[in-house]
Amino acid sequence: MKIPHTAGELVRDVSTPMIHRFMRRRLGTVIGLNNIPRSGPLVVVANHSSYLDHFATLTFLHAVRPGEVWYPTKAESFEKFASRTWHESMNCYPVDRTAPGQQVFEIAQRILDEGNILVLYPEGTRGPGKELLPFKSGAFRMALSAGATVVPIGMVGLEGILPKGVHVPRMGTYSASIGAPLPVPHGDDFRECARRMRDESFRRVQELRQQASLNNGCATTSQIDEIVDLAQVIIAENMSDSGLLPEDVIGRLELLLGLASEMSKRHPGLELQRNRVRGFSALSSVPPIRILKVLRIGLEARQASANYRSNDFAAYLAGRTSLLLPKYVGGGAQEASRFFLESAKRGGLMTSQAYVGLAETRLAMGDRQGAIEAYRCARESIRAEDQRGSRRRDRINECLAELGVER
């Protein structure tokens, strides 16, 4: 665990989870999280009508990708000790809005060169919320100079929760729509390219705000599916060969799926994915706690498998948890085998993984030939679009070789 060395780090460590929790509970809907690149330098441009805009963008970005999130902030916010400590803890740096100098661009360049994230409000100040103020082109000059991807975000409702000049949040919800990265203009005139990107960004943010307004508090099944699918992609990108996830990735996934849970309380795929992430977290717990956590996850997965008989993931998760649990609490290889076989029969996206699990249970029960057949079925079931398919095929071939089977 990292020990904070400064007052700013301590403030950040304490306040960031609170910010995430507050913004999650006030969320109506968010769509387009899969439009945020999960690596590389990134500039986010958004409308600005409330101080909570910082917290909303911070929460969305922390839910999807690693990297520090930085905010250029008016210089007046750094004049008093308490305000300066707070803003520095939130990775804000001072900008003279009346005459921004070259140093502002140099700081932005350094942030982006390190692969981090810069959140900019092209309006230059907080607007009324009902309509956008004219965009300035400085944000786009920064992005073009650094070769960073630019993602637009439109947000609505935050100005009602914390209007300009108000210090105590009010009741209400907010929504956001995140657009695809902006196209990069081509041409010899750098400033003209920045202006073209500015104008396109203004148009896109307007459209995204309108989209967010229409969706506020009305999440659809497809919007929840989008987040569940994104969580699956993040897992596939970060899972080790031994089936573990780094602690920071688990935290990111918990936040991402927590956002989705605020949008919809009843979505089987969402709850199963949340249970899967809890399973990754349980694997790093001490044995007695691990058994209790896995038991709870397994019971919920078994119930979901019974309720949603076409859902292969529910049966697969029930199999994985059974394999981790001792017989005296309803686990063991034989019980796991039953669920893996059921998952494979359902013929969904987890078919290959289910056959791998089935092979593992067959080996645990001493059934060598059954394990060989299951591994072969797993290899034949790998889908072309499976992100981890190539690595799984190599692992299956290694297991078959250990069992004395040639390719």
Side-chain angles (χ1 to χ4, degrees), residues 228 231-232 235-236 239 241-245 267-283 285 287-383 386 388-389 392-393 395-400 402-403 405:
V228 172
Q232 177 62 34
I235 290 171
M239 189 165 63
D241 290 338
S242 57
L244 300 176
L245 284 179
H267 187 287
L270 171 60
E271 287 310 307
L272 286 167
Q273 200 67 271
R274 293 188 79 184
N275 268 331
R276 187 184 187 191
V277 173
R278 292 186 188 112
F280 285 117
S281 179
L283 292 175
S285 304
I289 302 299
R290 183 190 308 151
I291 289 176
L292 291 175
K293 288 183 175 180
V294 173
L295 179 60
R296 177 193 169 192
I297 295 164
L299 290 173
E300 293 183 4
R302 292 181 188 202
Q303 187 63 52
S305 179
N307 291 342
Y308 306 101
R309 295 189 177 276
S310 63
N311 192 310
D312 65 322
F313 183 69
Y316 173 79
L317 188 58
R320 274 290 158 210
T321 53
S322 296
L323 201 53
L324 292 168
L325 291 169
K327 284 185 178 181
Y328 65 82
V329 291
Q334 189 167 354
E335 186 71 1
S337 177
R338 180 170 69 85
F339 284 111
F340 284 134
L341 188 58
E342 178 62 29
S343 177
K345 286 179 178 178
R346 292 179 181 182
L349 298 179
M350 301 298 293
T351 302
S352 176
Q353 293 93 319
Y355 276 122
V356 169
L358 184 62
E360 292 171 2
T361 62
R362 293 287 192 256
L363 282 175
M365 293 187 291
D367 183 0
R368 178 179 174 276
Q369 189 56 41
I372 292 172
E373 292 175 5
Y375 275 132
R376 284 172 171 166
C377 289
R379 186 171 58 188
E380 293 169 2
S381 303
I382 295 173
R383 296 171 291 110
D386 189 337
R388 297 180 62 83
R392 191 180 311 112
R393 182 179 287 105
R395 179 60 185 150
I396 290 170
N397 287 334
E398 289 174 4
C399 291
L400 286 171
E402 290 173 3
L403 292 170
V405 179

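All values below were derived from every heavy atom in this structure, side-chain atoms included, with hydrogens, water molecules and symmetry-related copies excluded.
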Given salt bridge (charged side-chain N to carboxylate O under 4.0 Å, His left out), test E380 with R376 step by step and report yes or no. CA-CA 6 Å; E380 293 169 2; R376 284 172 171 166; over 6 Å; no

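- Judged by distance alone, the side chains of Y375 and R379 never bring a donor and an acceptor atom under 3.5 Å apart.
- Exactly one of D312, L317, N311 qualifies for a side chain to side chain contact (heavy atoms under 4.5 Å, CB included) with M350. That residue is D312.
- Side-chain contact between T321 and N275 is absent, with no heavy-atom pair separated by less than 4.5 Å.
- Closest of all the heavy-atom pairs between A344 and A354 is N-CB, 3.8 Å.
- The heavy-atom pair separating T361 from S337 by the smallest distance is OG1-CB, 3.5 Å.
- Within the model, atoms CD1 of I396 and CZ of R393 stand 8.0 Å from one another, a figure rounded to the nearest 0.5 Å.
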Determine, step by step, whether Y355 and F340 satisfy the ring-ring contact (aromatic ring centres under 6.0 Å, His included) criterion, reporting the C-alpha distance in whole Å, the side-chain angles of both residues, the deciding distance to 0.1 Å, and the verdict. CA-CA 7 Å; Y355 276 122; F340 284 134; over 10 Å; no

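- Between R346 and A315, the shortest heavy-atom contact is NH1-CB, 3.9 Å.
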Evaluate the criterion salt bridge (charged side-chain N to carboxylate O under 4.0 Å, His left out) for residue pair R338 and E342; output intermediate values, then yes/no. CA-CA 6 Å; R338 180 170 69 85; E342 178 62 29; over 6 Å; no

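- Considering all non-hydrogen atoms of both residues, L325 and I291 come closest at CD2-O, 3.8 Å.
- Considering CG of L349 and OG of S381, their distance stands at 12.0 Å, rounded to 0.5 Å.
- Rounding to the nearest 0.5 Å gives a distance of 9.0 Å between CD of E373 and CZ of R362.
- Side-chain contact between R276 and I235 is present, with at least one heavy-atom pair separated by less than 4.5 Å.
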Could you walk me through whether R274 and E300 pass side chain to side chain contact (heavy atoms under 4.5 Å, CB included), step by step? CA-CA 11 Å; R274 293 188 79 184; E300 293 183 4; over 6 Å; no

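- Of all non-hydrogen atoms in L272 and A304, the two that sit nearest each other are CD2-CB, 3.8 Å.
- Between the CG atom of L358 and the SG atom of C377 there is a distance of 8.5 Å, given to the nearest 0.5 Å.
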Under the side chain to side chain contact (heavy atoms under 4.5 Å, CB included) criterion, do R395 and V356 qualify, and how do the steps go? CA-CA 10 Å; R395 179 60 185 150; V356 169; over 6 Å; no

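- A distance of 5.0 Å separates CZ of F280 from CE of M239, quoted to the nearest 0.5 Å.
- Put simply, the side chain of R388 does not reach to within 4.5 Å of the side chain of Q353, judged on heavy atoms.
- The shortest heavy-atom contact between K293 and S285 is NZ-OG, 3.2 Å.
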For the pair E335 and R302, evaluate salt bridge (charged side-chain N to carboxylate O under 4.0 Å, His left out) and give the outcome as yes or no after the intermediate values. CA-CA 11 Å; E335 186 71 1; R302 292 181 188 202; 3.4 Å; yes

Steps toward side chain to side chain contact (heavy atoms under 4.5 Å, CB included) verdict (L323, R320): CA-CA 5 Å; L323 201 53; R320 274 290 158 210; 3.5 Å; yes

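- The CD atom of E271 sits 9.0 Å away from the OH atom of Y308 when rounded to the nearest 0.5 Å.
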